[in-house]
Structure formats: C-alpha cells, structure tokens
Chemist: 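Structure provided below as structure tokens; questions to follow.
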Amino acid sequence: MSDELIKEKEESKPSISFVEQFIVEDLKAGKNNGKITTRFPPEPNGYLHIGHAKAICLDFGMAKKHGGKCNLRFDDTNPIKEDVEYVDSIKEDIHWLGFDWEVREYYASDYFGKLYDFAVSLIKRGLAYVDDQPADLISSQKGTPSQPGVESPYRNRDVKENIDLFERMNKGEFEEGSCVLRAKVDITSPNMHMRDPIIYRIIKTPHHRTGSKWMVYPMYDFAHGQSDYFEGVTHSLCTLEFEVHRPLYDWFIDQLKTTEYRPRQIEFNRLNLTYTMMSKRKLLELVKEGKVRGWDDPRMPTLCGLRRRGYTPEAIKRFVDLIGYTKVEAINDVSLLEHAIREDLNMRTTRVFGVLNPLKIIIKNYPEGKVENVELINNPEDESMGKRMVPFSREVFIEQDDFMEVPPHKFFRLAPGMEVRLKGAYIIKCEGFKKNDKTGIIEEVYCTYDPATKSGESTSEKKVKGTLHWVSAQHAIDAEVRLYDRLFNHEDPAGQKDDDYRKFLNPDSLKVLTECKVEPSLESAKPLEKFQFQRLGYFCVDYDSTGSKLVFNRTVQLKDTWAKINK
RNA sequence: UGUCCCGUAGUGUAAUUGGCAACACGUCUGAUUCUGGAUCAGAAGAGUUCAGGUUCGAGACCUGACGGGACAACCA
C-alpha cells in the first residue's frame with residue numbers, strides 16, 4: 001500500500017451509527033429548519049444504571065455534536081410509582097457523567113394542562129371517548145396480537161357526553177378504574193397499540209409535583225410524543241421496545257401539529273451486560289430484599305454503584321463509545337467494560353503498596369530499629385505525578401500468595417532458597433520459615449537481604465525474576481478491603497424463562513478482608529480517591545471509611561497471567 | 001393464524017451505500033519490564049443463518065425458509 005493510501009485510510013472518518021445517519025440526513029434535508037433538539041426522559045421511579053448512560057451519551061452527544069440542545073425531561077405521569085428522591089439522584093448522576101441540561105429541566109407534568117386540552121380537542125373531533133368498562137373487559141375486547149379487537153359499546157358516545165364525563169373524571173367524581181379516556185384509532189389494527197389506546201386514567205394518589213390538582217393522568221403514549229412536540233424536540237431517541245409504539249406516536253403528532261415541524265422517534269438497542277441485569281424493577285427487588293446493600297452497592301450496575309466501585313465517567317463513556325448503537329439486541333461482555341476502566345485508571349492512578357493477606361517477613365541481617373525511606377515512582381505512565389517516600393524496615397508484610405513452601409514450576413516469587421526483589425528496596429533471600437504444625441499455616445518467613453542491591457543505587461549485577469510489593473510492619477496502616485466479583489454467576493440471569501434470577505446470585509460476590517495492611521501515605525485518602533495497589537488491581541476509598549479506619553473497594557483486578565497459567 | 005424488528009470471527013461493532021470482509025475486546029505466541037500490569041511485535045479465528053433470484057459482480061437489493069426478539073399494563 002502506498003503512503004498516500006495509508007494516509008487516506010487513517011484520515012477517513014470513523015463510521016457513524018445508523019441513528020446519527022438519520023439525523024444527518026434530516027439536517028441536510030432541512031427538516032425542522034435544519035436544527036436538532038433531543039431529550040433525555042427518565043421516569044423518576046428508580047436510580048439510573050449504565051444502560052441509561054448509553055441513552056444519555058446519545059441524547060446529549062448527538063445534540064452537542066450537531067449544534068443543538070438536549071433537554072432533561074422527567075417522565076412523571078404516574079404518581080403511584082414516582083418520587084422526588086429519584087429526581088435528585090438522577091440529576092446528580094447525569095452531572096457526574098459530565099452532561100448538562102442547563103436551564104432546560106422539564107417535567108411531563110408541566111404539560112398536564114396542554115395535554116388535557118389536547119384530549120378535549122380530540123373528543124371534540126370525535127377522536128376520543130370515555131369508556132366505562134372495567135379493565136379486564138377493555139383488555140379482552142382489544143383482542144390478541146394475532147386476533148383483531150372489537151369495538152367498545154361506548155365507542156360512539158356523543159361529544160357532549162364525553163366532554164362531561166371526562167371533566168367529571170378529573171373532578172374526582174368517579175372511582176379509580178371505573179372509566180378511562182380512549183383515543184379512537186383503529187380497533188382492528190394489526191398493531192395492538194393502535195386499538196383505541198387508553199390515554200387517560202383516574203389516579204387519586206397525589207403527584208410529587210402537582211399534588212392533588214389532577215385526578216386524571218395521561219398514559220405514556222399520550223404524554224411522551226406530545227411533550228417532545230411542546231418542547232420542539234426533533235429527534236426522540238429511545239430503545240427498541242418502543243418501535244411498535246411509533247405509529248401511535250406519529251398518529252398523535254398528526255393530530256397535534258399545525259406547522260411543518262414534527263419530532264421523529266428513532267429506536268436503538270438497549271445495553272445488556274453479561275452477569276448482571278438492567279431491569280429497574282428487579283434491581284429494586286435486590287435492594288428491598290437486602291441482597292445488596294443499597295442502590296449504590298458497588299456490585300450494582302447503577303451509576304451510583306459504579307461510582308462507588310471506583311468507575312470514572314470517562315471509562316463509562318469510553319465503553320459506551322466502544323459498543324455502539326444498532327438495532328441488534330446484543331449482550332455485551334463485561335470484560336469490555338473492565339478494559340475501559342483499566343485503560344483509564346492505568347493512566348491516572350498513583351501506584352501504592354497494599355497487602356491484602358499479610359505474611360510477615362523478618363529480614364534477619366537488617367539492623368533492628370533501622371528505618372530507611374525508599375523512593376517510589378507514583379505512576380510510570382505519567383512522570384508528572386512524581387515520586388514519594390515509603391518507609392522500609394526489618395519486618396515487612398508481603399502477600400501470602402507470594403510465598404510457597406513448595407513452589408510449582410515458573411513460580412517467580414518467594415520460596416525457600418529463592419530470591420526476589422522487594423520493589424523499591426532490596427533483593428531478599430528466603431532462609432527459612434515458621435509453620436504452625438497443627439494448622440499448616442506459614443506464620444513467618446525468615447530472609448536475609450543484600451545491601452548492595454538497593455533500588456536506584458545498586459552496586460550489584462544481581463537480577464531476579466520476581467518483584468513483590470510490601471509494607472513495613474511497624475509503619476503499616478490497617479485497612480478493610482472489599483473484593484467484588486460478578487453479582488450473578490449466569491451470563492444472563494434475568495433472561496432464563498424457567499428460573500428466577502435470584503437463583504443465579506453469586507454467593508461470593510463480596511469478600512470482606514479486615515486484616516489488610518497499606519502503606520502510610522494512604523492515611524489521609526478520601527472517599528472516591530483511586531489507587532492502583534501494585535500487582536493487585538485498582539482500588540477506591542469507600543464512603544464507609546472513618547478517620548480511624550480506611551475501607552477500600554476493589555474496582556477491578558489487574559490482568560493476571562500467573563493466575564491463568566496456574567489454572 | 002397476525003404485525004413489526006433483527007441475523008457478519010467467541011463477544012461487540014465496521015465495510016466508502018453493489019466491487020470477493022475491517023476494527024476493538026477476548027484468546028494465543030514472542031520481546032521488554034524493579035507491577036506475571038502497562039508497552040511493543042506477531043498469530044489464530046467468520047466467507048457474512050440457509051436456499052433461490054437480479055447483476056459482469058451481493059454481507060448489502062428481491063423472494064422464501066430457518067433462527068432470535070418485540071407487541072395482548074388503567075407501567076414507562
């Protein structure tokens with residue numbers, strides 16, 4: 001290939017998603033004056049999860065890239081399920097991800113008046129009617145996906161009566177469930193959503209924003225598209241399951257529009273991740289049943305859970321970028337998410353020493369009482385992060401896994417007669433150990449060090465295969481470390497027809513280690529601060545930390561080829 | 001028995017809109033390394049669900065199968 005060809009290839013634009021292609025086509029065609037406005041429409045009935053992050057990135061991302069705005073709109077049409085608690089957390093999570101709706105914080109409930117008026121207008125045009133039948137009857141008259149529905153006996157009530165009834169519904173004169181307002185579309189349509197959909201129902205539970213002003217609330221299909229319309233949204237991006245709603249979305253817009261402007265719904269695939277699930281209802285169950293410690297349990301796929309786990313917004317956005325937007329219902333491998341966070345944390349975290357399962361090493365020829373401060377590089381990937389001093393002394397802790405009485409082939413760590421380097425300090429040689437005869441546990445290991453091998457000023461030619469992390473016993477700080485594993489031991493726990501997802505909960509998803517030792521520089525670490533514990537993984541200070549006790553969450557392990565060889 | 005959507009290496013996405021499949025993750029080599037990390041070099045792995053058709057030429061277009069999914073909440 002010629003240099004020019006290579007250059008051409010490198011400069012060619014990365015492909016854009018089908019969603020963006022539609023947007024670009026619309027913009028080029030001059031639709032809606034060639035402008036773009038999007039919206040992110042969460043229902044305030046739960047916490048945001050990483051699946052929402054995918055939608056947020058698209059909604060805000062497309063608007064920004066093409067010179068438009070993205071509104072935040074709470075889809076709060078069901079007071080029974082919704083709460084302000086969720087509104088606040090949703091706003092916090094969007095900001096944390098790095099997106100901003102500026103002053104455009106809207107609520108579907110802002111439009112209850114307009115929506116009501118539109119409903120009345122439909123009634124007047126003979127396009128909506130009050131149905132007095134009970135829910136199960138209406139439902140059975142709708143037919144099934146393969147059988148057309150039949151008309152309600154109330155379908156042809158006259159306009160005056162319909163208006164009167166609808167007004168009285170809203171005044172609270174009727175019981176919940178006693179009647180509904182339906183759009184008159186096509187009861188025989190092959191699309192169930194077109195079979196005279198219910199557009200208003202009576203709910204007497206007070207709404208978190210409008211209180212008891214309304215007794216009648218619009219259904220999703222009657223609120224969403226219209227809200228888009230009221231806000232001037234041009235591209236209403238949602239997930240695949242709303243594909244069958246689109247004809248109804250368009251039908252309402254047709255009844256509503258007075259100019260050329262119209263919003264367009266485009267559906268993309270939702271995010272599925274292996275070994276977890278995104279159902280808000282099921283996540284709520286995990287919380288309520290105490291299967292996890294709350295919405296922000298670091299094992300949860302919620303944004304607050306990932307945040308507490310040590311994930312960064314950059315890594316999440318990078319991940320979302322990697323998986324793309326298509327119409328294929330896919331399940332994404334968590335290993336890709338883990339790749340994204342490792343890549344990010346590798347560049348930004350300070351390397352520190354932390355020993356999870358301490359084993360004491362006594363260096364017999366190192367003077368008692370002597371302390372040396374050895375210099376360590378904070379991040380080999382980024383020189384500007386500087387260096388720090390770490391105390392070294394006669395007794396240090398190393399990882400239990402780093403010593404074996406009878407080492408297997410290719411074990412480059414400590415074993416009787418073997419030499420290893422204590423990173424940043426000296427090369428030591430194992431001369432013996434103390435073993436508890438009853439338990440078989442190695443309690444202490446005895447070594448000698450070679451003073452000529454000090455890091456940085458070594459006068460020795462000596463080389464060793466293994467380098468260990470360590471913490472000086474007398475200087476070590478105690479810490480608790482929480483190790484997380486996948487919450488479920490099935491790739492698709494919620495997708496098994498015959499089995500409840502609870503059956504697949506991983507009993508080992510949380511391991512708490514309380515005897516850990518970390519280097520003294522971590523003393524003042526604050527919640528959410530992130531580190532690489534050398535040779536182990538990335539860790540993040542938990543909110544549970546107190547002045548006297550540090551608690552760390554393991555975000556993700558480092559790749560471990562030794563563990564792989566060992567299998 | 002319906003309508004709609006989808007089907008490209010193990011996984012997720014590409015393929016200049018018809019010119020004989022690329023990237024990322026993962027996997028496996030090797031180099032390097034005071035992190036068995038990172039980095040670097042390289043390899044294996046799909047002939048695009050199947051069968052027809054249109055075409056000089058099809059992953060892409062058409063038809064039909066097959067497979068997966070969505071739709072029967074007074075949820076969103």
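Side chains are part of it too, since the values below use all heavy atoms of this structure and drop only hydrogens, waters and symmetry mates. Reminder, nothing fancy here: chain letters follow the sequence lines and each chain counts from 1.
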Chemist: Would one find a side-chain N or O of A:Lys327 under 4.0 angstrom from OP1 or OP2 of B:G69?
Modeler: no
Chemist: With side chain to side chain donor-acceptor pair (under 3.5 Å) as the criterion, how do A:Arg421 and A:Thr453 come out once you've worked through the C-alpha distance, each side chain's angles and the decisive distance to 0.1 Å?
Modeler: CA-CA 9 Å; A:Arg421 174 172 290 282; A:Thr453 59; 4.8 Å; no
Chemist: Once you round it to whole Å, what is the distance between P of B:A24 and CD of A:Glu343?
Modeler: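 Atom-to-atom, A:Glu343 to B:A24, this comes out as 12 Å.
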Chemist: Under 3.5 Å for both donor-acceptor distances, Watson-Crick or wobble: does B:C75 have a partner, and if so which one?
Modeler: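 By the stated definition (distances under 3.5 Å), nothing pairs with B:C75.
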Chemist: Grab the CG-P distance between A:Leu558 and B:A38 for me, whole Å please.
Modeler: 7 Å
Chemist: Between P on B:U13 and CD on A:Gln21, what's the gap in Å once rounded to a whole number?
Modeler: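 About 15 Å, once rounded to whole Å.
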Chemist: Side chains of A:Arg270 and A:Asn272: closer than 4.5 Å at any heavy-atom pair?
Modeler: yes
Chemist: What is the distance, to the nearest angstrom, from the CD1 atom on A:Ile323 to the C1' atom on B:U13?
Modeler: 10 Å
Chemist: Below the 4.0 Å mark, does B:A38 have OP1 or OP2 next to a side-chain nitrogen or oxygen of A:Lys559?
Modeler: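 Checking A:Lys559 against B:A38: at least one side-chain N or O falls below 4.0 Å of OP1 or OP2.
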Chemist: Using the P atom as the reference point in each nucleotide, state the distance between B:G59 and B:A22 in Å, no decimals.
Modeler: 14 Å
Chemist: Hunt down the Watson-Crick or G-U wobble partner of B:C4, both distances under 3.5 Å, from any strand shown, or write none.
Modeler: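 With both distances under 3.5 Å, B:C4 matches B:G69.
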Chemist: What nucleic acid atoms does A:Asn269 come within less than 4.0 Å of, heavy atoms only: base, sugar-phosphate, or nothing?
Modeler: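 Result for A:Asn269 = sugar-phosphate.
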Chemist: How far does the P atom of B:A41 sit from the matching atom of B:C23, given to the nearest Å?
Modeler: 13 Å
Chemist: Under 4.0 angstrom, heavy atoms only, what part of the nucleic acid is A:Glu329 near: base, sugar-phosphate, or nothing?
Modeler: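 Sugar-phosphate contact only.
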Chemist: Applying a 3.5 Å limit to both distances, which nucleotide forms a Watson-Crick or G-U wobble pair with B:U17?
Modeler: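 By the stated definition (distances under 3.5 Å), nothing pairs with B:U17.
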Chemist: Mind checking A:Pro380 for me? I need base, sugar-phosphate or nothing, with any heavy atom below 4.0 Å counting as a touch.
Modeler: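 Touches a base.
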Chemist: Tell me whether A:Arg195 contacts the main-chain N or O of A:Ser189 through its side chain, where contact means a donor paired with an acceptor under 3.5 Å.
Modeler: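 A pair under 3.5 Å: yes.
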Chemist: Looking at A:Lys462, A:Lys463, A:Lys465, which one forms a side-chain hydrogen bond (donor to acceptor under 3.5 Å, both in side chains) with A:Glu419?
Modeler: A:Lys462
Chemist: So what does A:Lys410 hit on the nucleic acid, given a heavy-atom distance under 4.0 Å: a base, only sugar-phosphate, or nothing?
Modeler: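 Base, at least one base atom sits under 4.0 Å.
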Chemist: Quick check for you: among B:A24, B:C75, B:U3, whose closest atom lies nearest to any side-chain atom of A:Leu336?
Modeler: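 So the side chain of A:Leu336 is nearest to B:A24.
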Chemist: Roughly how far, to the nearest 0.5 Å, is CZ of A:Phe18 from CD1 of A:Ile23?
Modeler: 10.0 Å
Chemist: So, is A:Ser335 close to the B:U11 phosphate, meaning a side-chain N or O under 4.0 Å from OP1 or OP2?
Modeler: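 Result: no.
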Chemist: Taking OP1 and OP2 of B:A76, is either one under 4.0 Å from a side-chain nitrogen or oxygen of A:Arg201?
Modeler: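 It does, given that an N or O in the side chain of A:Arg201 lies less than 4.0 Å from OP1 or OP2 of B:A76.
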Chemist: Using a cut-off of 4.0 Å on non-hydrogen atoms, how would the nucleic acid contact of A:Ile331 be classed: base, sugar-phosphate, or nothing?
Modeler: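 Sugar-phosphate, backbone atoms only, no base.
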Chemist: Under 3.5 Å for both donor-acceptor distances, Watson-Crick or wobble: does B:A31 have a partner, and if so which one?
Modeler: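 By the stated definition (distances under 3.5 Å), B:U39 pairs with B:A31.
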Chemist: Find which nucleotide of RNA chain B each of A:Arg342 and A:Pro218 is nearest to by heavy atoms, and output the residue with the more 5' nucleotide.
Modeler: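 Mapping each residue to its closest nucleotide by heavy atoms, the 5'-most match is A:Arg342.
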Chemist: By nearest atom, which of the nucleotides B:A70, B:A76, B:G7 is closest to the A:His245 side chain?
Modeler: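 Looking only at heavy atoms from C-beta outward on A:His245, the closest nucleotide is B:A76.
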Chemist: Which nucleotide in the list B:U35, B:G12, B:C74 gets nearest to the side chain of A:Gln532?
Modeler: B:U35
Chemist: Below 4.0 angstrom from OP1 or OP2 of B:U16, is there any side-chain N or O of A:Ser15?
Modeler: no
Chemist: Heavy atoms under 4.0 Å, any strand shown: does A:Gly456 hit a base, just sugar-phosphate, or nothing?
Modeler: base
Chemist: Write down the distance separating the C1' atoms in B:U27 and B:A44, rounded off to the nearest Å.
Modeler: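 Rounded to whole Å, the distance is 9 Å.
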Chemist: Mind checking A:Gly177 for me? I need base, sugar-phosphate or nothing, with any heavy atom below 4.0 Å counting as a touch.
Modeler: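 Contact class for A:Gly177: base.
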Chemist: Check the distance between B:U11's C1' and A:Asp492's CG and give it to me in whole angstrom.
Modeler: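 The distance from CG of A:Asp492 to C1' of B:U11 comes to 14 Å, rounded to the nearest Å.
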Chemist: Tell me yes or no: between the side chains of A:Gln133 and A:Ser152, is some donor less than 3.5 Å from an acceptor?
Modeler: yes
Chemist: When the P atoms of B:G26 and B:G64 are compared, how many Å lie between them, rounded to an integer?
Modeler: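 Straight-line distance between the two P atoms is 43 Å.
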Chemist: Of all the choices, B:U35, B:A24, B:C5, which nucleotide is nearest to the side chain of A:Thr467 once you look at every atom?
Modeler: B:U35
Chemist: Specify the separation, in whole Å, of atom CD of A:Glu241 and atom C1' of B:C6.
Modeler: 15 Å
Chemist: Nearest whole angstrom, please: distance from the C1' of B:U13 to the CZ of A:Arg270.
Modeler: 20 Å
Chemist: Taking atom P in both B:A46 and B:U11, compute the distance separating them and give it to the nearest angstrom.
Modeler: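 B:A46 and B:U11 have their P atoms separated by 13 Å.
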Chemist: Base, sugar-phosphate, or nothing for A:Ala330, non-hydrogen atoms under 4.0 angstrom?
Modeler: sugar-phosphate
Chemist: Toward the 5' end of RNA chain B, which comes first, A:Thr561 or A:Asp75, by nearest nucleotide?
Modeler: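 It is A:Thr561, whose closest nucleotide lies nearer the 5' terminus.
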Chemist: For A:Gln133, which contact category applies under a 4.0 Å heavy-atom criterion: base, sugar-phosphate, or nothing?
Modeler: base
Chemist: What's the closest nucleotide to the A:Thr144 side chain, out of B:C74, B:U35, B:A72?
Modeler: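 My answer, after comparing the listed nucleotides, is B:A72.
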Chemist: Quantified in whole Å, what is the P atom distance between nucleotide B:C5 and nucleotide B:A65?
Modeler: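 To the nearest whole Å, 16 Å.
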Chemist: State the pairing partner of B:G10; accept Watson-Crick or G-U wobble contacts with both distances under 3.5 Å, and report none otherwise.
Modeler: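 Result: B:C25.
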Chemist: Tell me the partner of B:C61, counting only Watson-Crick (N1-N3 plus N6-O4 or O6-N4) or G-U wobble (N1-O2 and O6-N3) with both under 3.5 Å; none if nothing fits.
Modeler: B:G53
Chemist: Hey, does the side chain of A:Thr77 come within less than 4.0 Å of B:A76's phosphate (OP1/OP2), counting only N and O?
Modeler: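 Yes.
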Chemist: Check this for me: does any side-chain nitrogen of one of A:Glu372 and A:Lys454 sit under 4.0 Å from a carboxylate oxygen of the other?
Modeler: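 Salt bridge present between A:Glu372 and A:Lys454.
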Chemist: Do we see A:Tyr220 stacking on the base of B:A76, given a limit of 5.5 Å between centres and 30° between planes?
Modeler: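 Stacking is absent between B:A76 and A:Tyr220, given that the ring centres and planes do not meet under 5.5 Å and under 30°.
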Chemist: Side-chain N or O of A:Arg182 versus OP1/OP2 of B:C74: is the shortest distance under 4.0 Å?
Modeler: no
Chemist: Considering only B:C71, B:G36, B:G12, which nucleotide approaches the side chain of A:Arg413 most closely?
Modeler: B:G36
Chemist: Evaluate the side-chain proximity of A:Phe411 to A:Asp402: yes if any heavy-atom separation is below 4.5 Å, no if none is.
Modeler: no
Chemist: Please determine whether a side-chain nitrogen of the Lys or Arg among A:Arg348 and A:Glu381 lies less than 4.0 Å from a carboxylate oxygen of the Asp or Glu.
Modeler: no
Chemist: If you look at every strand shown and take non-hydrogen atoms under 4.0 Å, does A:Phe242 touch a base, only sugar-phosphate, or nothing?
Modeler: base
Chemist: Using the P atom in both, what is the distance from B:U48 to B:C20, to the nearest Å?
Modeler: 15 Å
Chemist: State whether A:Arg246 places a side-chain N or O below 4.0 Å from either non-bridging phosphate oxygen (OP1 or OP2) of B:C4.
Modeler: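 The answer is no; no side-chain N or O of A:Arg246 sits under 4.0 Å from OP1 or OP2.
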Chemist: If I take atom CG in residue A:Leu322 and atom P in nucleotide B:C25, what distance separates them, rounded to the nearest angstrom?
Modeler: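 After rounding, the gap between these two atoms is 8 Å.
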Chemist: Counting only side-chain nitrogens and oxygens, does A:Thr326 get under 4.0 Å of the OP1 or OP2 atom of B:U13?
Modeler: yes
Chemist: Starting at NZ of A:Lys54, measure out to CG of A:Asp321 and round the result to the nearest 0.5 Å.
Modeler: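 Going from the NZ atom of A:Lys54 to the CG atom of A:Asp321 covers 11.5 Å.
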Chemist: Distance check, C1' atoms only: B:A14 and B:C28, in whole angstrom units.
Modeler: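 It comes out at 24 Å once rounded to the nearest Å.
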Chemist: Under a 3.5 Å limit for both distances, which nucleotide forms a Watson-Crick or G-U wobble pair with B:A46, could you say?
Modeler: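 Base-paired to nothing in any strand shown.
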